[in-house]
Student: 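Once you've had a glance at the structure underneath, I'll fire off some questions.
What you are looking at is a predicted structure, and each value in this text was computed from that prediction instead of being measured.
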Amino acid sequence: QVQLVESGGGLVQAGGSLRLSCAALGRTLSAYAMGWFRQAPGLEREFVGGIRWSNAYTKFANSVKGRFTMSRVGAENTAYLHMTSLRPEDTAVYYCAGGTDLSSTPVQYRDWGQGTQVTVSS
């Protein structure tokens, strides 16, 4: 099992940017996909985006396309979620998750980080 450790959340004004990190401990990630999900109070966990480790292919939810990007640094076993033009509706706890393939469905991921709070003020 892979331990995922997130960092980088915080408070930002609308229009600002944040970068979240997800470090994977415990194994190499050649055959791995990492997804980002978020959950606001009272709402279901929703897919934000994900990256396939082998070729850095990414996909994103429509709500964040054009504003969020992802990258990964193999030597660090770390993936990054770069968030720009943040909106108050982006406020949520953000989770990274790992699994064998890129999916927008939470149950397809086996490994989960502890979550990091992102708050966007208006």
Side-chain angles (χ1 to χ4, degrees):
Q1 190 170 354
V2 179
Q3 181 183 2
L4 301 177
V5 180
E6 300 156 8
S7 60
L11 173 64
V12 64
Q13 288 188 329
S17 301
L18 278 175
R19 187 185 75 168
L20 305 184
S21 303
C22 181
L25 311 177
R27 57 169 281 185
T28 57
L29 303 178
S30 58
Y32 202 64
M34 194 172 282
W36 285 93
F37 292 80
R38 65 187 182 187
Q39 189 165 19
L43 300 179
E44 292 187 354
R45 191 166 296 189
E46 66 170 349
F47 177 73
V48 174
I51 187 167
R52 191 171 288 139
W53 207 263
S54 59
N55 59 4
Y57 170 80
T58 58
K59 73 173 184 179
F60 294 93
N62 288 335
S63 58
V64 305
K65 274 182 185 176
R67 301 188 297 124
F68 291 11
T69 59
M70 287 188 69
S71 61
R72 53 104 169 98
V73 178
E76 299 173 359
N77 267 11
T78 299
Y80 298 94
L81 178 66
H82 309 270
M83 306 185 293
T84 64
S85 301
L86 283 161
R87 306 166 181 169
E89 55 263 39
D90 294 317
T91 295
V93 177
Y94 284 69
Y95 299 89
C96 67
T100 56
D101 201 5
L102 187 55
S103 172
S104 60
T105 306
V107 295
Q108 298 297 322
Y109 291 86
R110 178 190 61 205
D111 307 313
W112 287 86
Q114 78 281 5
T116 187
Q117 177 70 46
V118 172
T119 303
V120 184
S121 62
S122 58

Student: Give the minimum heavy-atom separation between S122 and P88, together with the two atoms involved.
Tutor: CB-CG, 3.9 Å
Student: We want to know whether R19 and Y80 form a side-chain donor-acceptor pair, criterion being a heavy-atom distance below 3.5 angstrom.
Tutor: no
Student: What's the separation between atom CZ in R110 and atom CH2 in W112, rounded to the nearest 0.5 Å?
Tutor: 13.0 Å
Student: Is there a donor-acceptor contact under 3.5 Å from the side chain of Q13 to the main chain of S121?
Tutor: no
Student: Any chain of hydrophobic side-chain contacts (each under 4.5 Å) joining V12 to V64?
Tutor: yes
Student: Checking side chain to side chain contact (heavy atoms under 4.5 Å, CB included) against M83, which of D90, V118, V120 comes through?
Tutor: V118
Student: At their closest point, which heavy atom of L102 faces which heavy atom of A33, and how far apart are they?
Tutor: N-CB, 3.4 Å
Student: When you check the side-chain N and O atoms of Y32 and D101, is any donor under 3.5 Å from an acceptor?
Tutor: no
Student: Would you please test T69 and T58 for side chain to side chain contact (heavy atoms under 4.5 Å, CB included) and show each step?
Tutor: CA-CA 8 Å; T69 59; T58 58; over 6 Å; no
Student: Just how far is it from atom CG of L25 to atom CG of L4, taken to the nearest 0.5 Å?
Tutor: 8.0 Å
Student: Going by heavy atoms in the side chains, are F68 and V48 under 4.5 Å from each other?
Tutor: yes
Student: Can you label the angle between the F37 ring and the F47 ring as parallel, tilted or perpendicular, going by 30° and 60°?
Tutor: perpendicular
Student: With the 4.5 Å side-chain cut-off for hydrophobic clustering, are L20 and V2 part of the same group?
Tutor: yes
Student: Quick one: does any side-chain atom of Q114 pair with a main-chain N or O of V5 as donor and acceptor, under 3.5 Å?
Tutor: no
Student: For S71 and H82, test the side chains for any donor-to-acceptor distance below 3.5 angstrom and give the result as yes or no.
Tutor: yes
Student: Looking just at side-chain N and O atoms, do T91 and E89 make a donor-acceptor pair shorter than 3.5 Å?
Tutor: no
Student: Looking at every non-hydrogen atom in both residues, tell me the closest pair between R38 and S63 and how far apart they are.
Tutor: NH2-OG, 3.6 Å
Student: Sub-3.5 Å donor-acceptor pair from the side chain of Y109 to the main-chain atoms of S103, do we have one?
Tutor: yes
Student: Verify, without hydrogens or angle tests, whether E6 (side chain) and C22 (backbone) share a donor-acceptor contact under 3.5 angstrom.
Tutor: no
Student: For Y95, does the six-membered ring have the charged nitrogen or CZ of R45 within the cation-pi criterion, i.e. under 6.0 angstrom from the centroid and within 45° of the normal?
Tutor: yes
Student: Atom OG1 in T100, atom CZ in R52: separation rounded to 0.5 Å?
Tutor: 10.5 Å
Student: Taking atom CE of M70 and atom CG of L81, what is their separation to the nearest 0.5 Å?
Tutor: 6.0 Å
Student: Checking R72 side chain against W53 main chain: does a donor-acceptor pair fall under 3.5 Å?
Tutor: yes
Student: Would you mind reporting whether V93 and T116 have side-chain heavy atoms less than 4.5 Å apart?
Tutor: no
Student: Treating T84 as the side-chain partner and R67 as the backbone partner, does any N or O pair qualify as donor plus acceptor under 3.5 Å?
Tutor: yes
